[in-house]
Structure formats: C-alpha cells, structure tokens
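Here, residue 1 is the first one in the sequence, and each next residue gets the next number. Each ligand, and each atom within it, is numbered from 1 in the order the structure gives. This one's a predicted model, so the numbers in the text were calculated from it and none came from an experiment.
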Amino acid sequence: QFPRQCVTPEGLQSGTCCPSPTGLPNDECGSSTGRGQCVSITADRRPHGPQYPHDGRDDRERWPLRFFNRTCQCNGNFSGFNCGRCRHSLTGPNCDQRVTVVRRNVMQMSADEKRAFVDALDQAKRTVHPDLVICTRRYQEIFGPDGASVQFENITIYNYFVWTHYYSVSKTYMGPGQQSFGGVDFSHEGPGFVTWHRYHLLQLERDIYFKECIGCSFPCKYSDWALGLSSFKKHAKSIIKEVHMTHTLYVKFSEEKQVNFTLLTSALQCTETNPIRRNPAGNVARPMVQRLPEPQDVIDCLELNTFDTPPYYSTSSQSFRNTVEGYSAPQGNYDPVVRSLHNLAHLFLNGTGGQTHLSPNDPIFVLLHTFTDAIFDEWLQRHTAAGTEVYPEENAPIGHNREFNMVPFWPPIRNAEMFVAAPDNLGYTYEVQWPTRAYTISEIITIAIVAVVLVVAVVGGVIGCAVRARSYRSAEGLEPLLGEQFRRYSEDERHASQSVV
Ligand SMILES: O=C1C=c2cc(C(=O)O)[nH]c2=CC1=O
C-alpha cells in the first residue's frame with residue numbers, strides 16, 4: 001500500500017515518500033507547478049482508546065509513520081500520493097472540471113450495463129495496479145534477509161481492494177510464541193467504519209476509472225440488501241449472479257493463521273483454486289442470520305440523530321454508526337446477540353462474504369458496501385448541514401479507530417480528504433427510493449378518529465347550512481323583493497344591529 005517509487009531501500013531509509021508526478025527532477029509532489037509540496041507528517045499523538053491496550057506494537061498505529069514521515073501535501077484541487085491526481089469530483093489537466101457520477105441500483109440496470117460493470121471488475125481483477133505495491137512483511141523484516149531486498153509485491157487493482165481490507169482487519173502480531181491480539185480491527189467497530197469504507201470504495205472506483213476508462217467513469221453500483229427475505233428471494237438469484245465473475249472466482253489472502261507468522265500475506269502461498277463460497281440464508285446453526293434486514297430497519301436507523309456515542313465501539317447505543325454497522329438493533333439499542341443492517345447482510349451470505357478477513361474477495365461486497373454508503377449519505381443529508389464535518393476535530397472522540405485508520409482521510413493524517421464533508425464534493429450521488437415509515441397502530445387510530453370527526457363536522461355543517469338556507473328561502477320566497485309588503489326590521493332590531501362607536 002505504498003507508491004512503487006518510494007519502496008526502495010534508500011526511500012525507506014530516508015522516510016520520505018514525495019514522488020514527482022511528471023518524473024522530472026526537482027518536481028517532488030508537482031511543486032514546480034504549484035500542485036503540492038513535501039511536508040513532515042504530524043500524526044495524532046493522543047492515546048488509543050481502551051479497546052486497544054497496546055502502543056507501538058503494530059505497524060498500523062499512527063499510520064504511516066512507521067514507514068514514512070514525509071509525504072506529499074497537495075494544494076487546492078490536487079490530490080494523490082504525488083499530487084498528480086485531482087480531488088474527488090474534479091477532472092481535467094488543472095482539476096477544475098466537475099464530474100459527478102450516479103451510483104445506481106444494479107437491479108435497475110440493463111443487461112448491457114450490468115455486463116459493463118462486471119467486465120470492469122473483471123479487468124480490475126487482472127490488471128496490475130499501476131502505482132501501488134503491497135508490503136508483505138512487518139516493518140522489522142521489510143529490508144529482507146540481506147538488508148537490501150525490500151519485501152513488497154505487485155498486486156492487481158481488485159486484489160488491492162481486497163488487500164487493504166484484509167490488512168486493516170488483521171490481528172496485531174505480538175511476537176513469536178505469543179497470541180496475536182484481535183480485540184479490535186482497524187476499520188470496523190469504531191467511528192471510522194463508514195468513512196473508512198467510503199474511502200475504500202472511492203479508491204476502487206478511481207483506480208478503475210484511471211486505469212480502464214480515462215474520460216469516462218466507473219461508478220460503483222449498489223444492491224438494496226434491506227428488502228427483507230421475501231423480496232430478496234424474488235431477486236436474490238439475479239443479485240448474486242450479477243457479480244458472478246466466472247474466471248476470477250477465487251479467494252486471495254485466505255489464511256487467517258498468517259498472524260502467527262511475520263509474513264503478512266498468504267496470497268503468496270494461496271493458489272487460485274480456492275473458490276468463493278456463497279450459501280445465502282444457509283446458516284442453519286445461526287437462524288438469526290438466515291434473514292435479511294427489512295426496509296423498516298433502514299428507516300429506524302436513519303432516524304438516529306447522533307453519529308457515534310461513547311465508548312465509540314461495537315457496544316455503543318443510540319449511535320448511527322454502530323447501528324448501520326449492525327451491532328445494535330435498528331432502533332439503536334445495543335444488544336450483544338443482535339446482528340442487523342450491514343453485518344446481517346454480510347452474515348446472510350454465509351460464506352466468503354461473511355468473514356471479515358475475506359469478504360471483499362466476493363465482488364458482491366462492492367454492492368453491499370455501496371448500499372451501506374448510500375445509507376450513510378442519506379444520513380448526512382438528513383442530519384448535517386452542507387459542509388458539516390461529522391467530527392470537528394475538537395469534538396472528535398478518542399475511539400480506537402480514530403487513531404489509526406488505514407487511509408488518510410481520518411486522523412492521523414490531515415489532508416483535504418480527511419473529513420467527510422457534504423456529499424456533493426465526493427463526485428457521486430445516489431439514486432435510491434428510500435422507504436417511508438409505516439404508521440403505527442396508535443397513529444392509525446388517531447388519524448381515523450380525526451378523520452371521522454372532520455367528516456362529521458363537515459357533513460353536519462353542510463346539512464345545517466342546507467337546512468337554514470332552505471328555511472330562509474321558504475320564508476323569503478313568500479315576500480316580493482321590492483313590493484309594498486317588503487318586510488321591515490323592527491325598531492328594536494335596527495337598534496341592535498347599529499354598532500356603537
Ligand atoms: O466482512 C465482514 C464480515 C462480517 C461479519 C460480521 C459479524 O457481525 O459477525 N461483521 C462483518 C463485517 C464485515 O465487514
């Protein structure tokens with residue numbers, strides 16, 4: 001997960017990763033054209049949350065300081081490890097043209113559109129990442145046995161997407177003969193969950209966009225996993241088939257026991273014959289996960305006002321983040337036996353997609369997480385003003401994830417993409433029909449009573465008016481309008497009707 005140009009023995013020893021986007025000398029971070037400059041990284045030094053009782057044992061803490069302490073800081077609309085790219089939603093040589101893609105429901109796409117989506121993922125599975133390589137060992141061993149053969153590997157674009165998730169959830173290696181620590185992972189069960197995964201999808205979208213399709217776009221697609229089991233059964237086969245990538249259905253990084261070795265990835269040992277497994281609704285040992293979330297669950301979760309709550313963990317109650325992640329009931333109350341929303345959708349798949357260290361191997365992950373992100377997007381629109389930071393820095397909780405996210409958009413590394421701001425600057429929008437809340441029994445009774453009262457009042461009023469009009473007409477009808485017999489008001493009546501000033 002580092003730029004290929006930076007992982008030379010000299011580059012690692014210098015601690016500086018500031019490549020030039022043009023390849024020209026004296027142009028680190030595109031400084032000659034004002035794109036960016038090479039700066040020292042300041043990582044957040046506040047203590048980790050209590051869920052992670054270690055300090056300095058894991059390369060991922062205060063990322064990426066273990067590897068590099070100087071990187072590019074890009075100016076204005078520029079972005080990327082060398083400031084050679086544009087920020088999300090911008091394109092063109094000067095990064096001043098806005099592009100917005102629409103992330104659509106895969107079930108509403110034509111056969112040709114679906115094929116194009118699957119083909120793009122398939123290409124991504126087979127195309128070596130143009131810029132990034134992965135680090136296959138822990139830092140102590142990064143220079144190799146001879147001190148000069150650095151331990152990095154090429155990886156394809158899709159497998160890089162799998163890898164970043166895998167790396168983020170890996171246990172902390174505590175040393176030979178000691179049990180690895182798995183009490184937290186670095187991308188789930190904490191405030192960074194939705195933002196980490198948002199960036200994860202953006203990264204795939206942008207890598208495919210740049211590699212495959214310069215000048216066009218590759219928006220992620222979603223599938224609505226909150227249909228409930230009965231609707232899902234109607235659509236499930238096609239949902240699952242949509243992303244059936246025939247020649248690439250194998251699992252990378254499959255060995256969880258890797259945590260006991262210093263080798264980080266078993267991909268190197270893993271053959272491409274290890275198939276992706278799916279058995280939706282098939283976990284008979286755990287009936288609770290044989291169902292899918294319901295539309296009402298999404299409605300309830302979107303009503304929670306607070307983004308996250310203490311202890312900023314999988315035990316938080318009344319936290320939108322913990323609820324959409326699926327460790328709380330959809331109404332927000334934490335219950336250790338509950339699995340809902342995103343977690344339930346994963347576990348429902350009952351196979352590769354249900355195991356955190358494997359799940360992105362199954363490309364249905366993209367559809368599942370794009371819908372999770374759509375819920376986050378809707379929550380932001382309903383609960384924050386445009387431009388609001390979900391956590392302004394001074395209010396940011398010190399949860400375990402806050403300290404060491406794997407991607408630099410959340411502390412520790414500050415750059416323009418760090419905070420999740422208004423959705424309109426991310427370059428995509430969603431096309432989702434959000435379910436609306438069904439009325440409760442008491443609301444239905446109240447509405448019925450009010451309706452009956454109104455009807456009675458209106459009907460009564462109409463009848464009353466009609467009767468009065470009739471009697472008036474019958475009385476008046478007897479009198480000529482302008483005849484001698486025209487009825488006069490009595491003197492008393494006339495006085496009574498005069499206003500007193
Ligand atoms: O891939 C994932 C698999 C998960 C399983 C659970 C669970 O609640 O047991 N949660 C998961 C999150 C994932 O991202």
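No close placement of the Phe81 and Phe2 rings is indicated, their centers lying 6.0 Å or farther apart. Within the 6.0 Å centre-distance limit, the rings of His54 and Tyr52 are counted as a close aromatic pair.
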Note to self: Is there a ring pair (Phe, Tyr, Trp, His ring centres under 6.0 Å) between His357 and His165? Walk through the geometry before answering.
What the structure shows: CA-CA 7 Å; His357 62 295; His165 196 262; 9.7 Å; no
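Cys pair Cys6 and Cys17 passes the test of SG atoms under 2.5 Å apart.
The salt bridge (charged side-chain N to carboxylate O under 4.0 Å, His left out) analysis of residues 311-331, with sequence neighbours excluded, yields the pairs Asp308-Arg321, Arg321-Glu325.
Using the six-membered ring where Trp is involved, Phe307 and Phe376 have ring planes that are tilted, between 30° and 60° apart.
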Distances only, to 0.1 Å: what are the N or O pairs between ligand 1 and the protein that fall under 3.5 Å?
residue  : atom   : partner : partner atom : Å
ligand 1 : 1 (O)  : His346  : ND1          : 3.4
ligand 1 : 1 (O)  : Ser359  : OG           : 2.5
ligand 1 : 8 (O)  : Arg339  : NE           : 2.6
ligand 1 : 8 (O)  : Asn343  : ND2          : 3.4
ligand 1 : 10 (N) : Asn343  : OD1          : 2.9
ligand 1 : 14 (O) : His188  : NE2          : 3.1
ligand 1 : 14 (O) : His346  : NE2          : 3.2

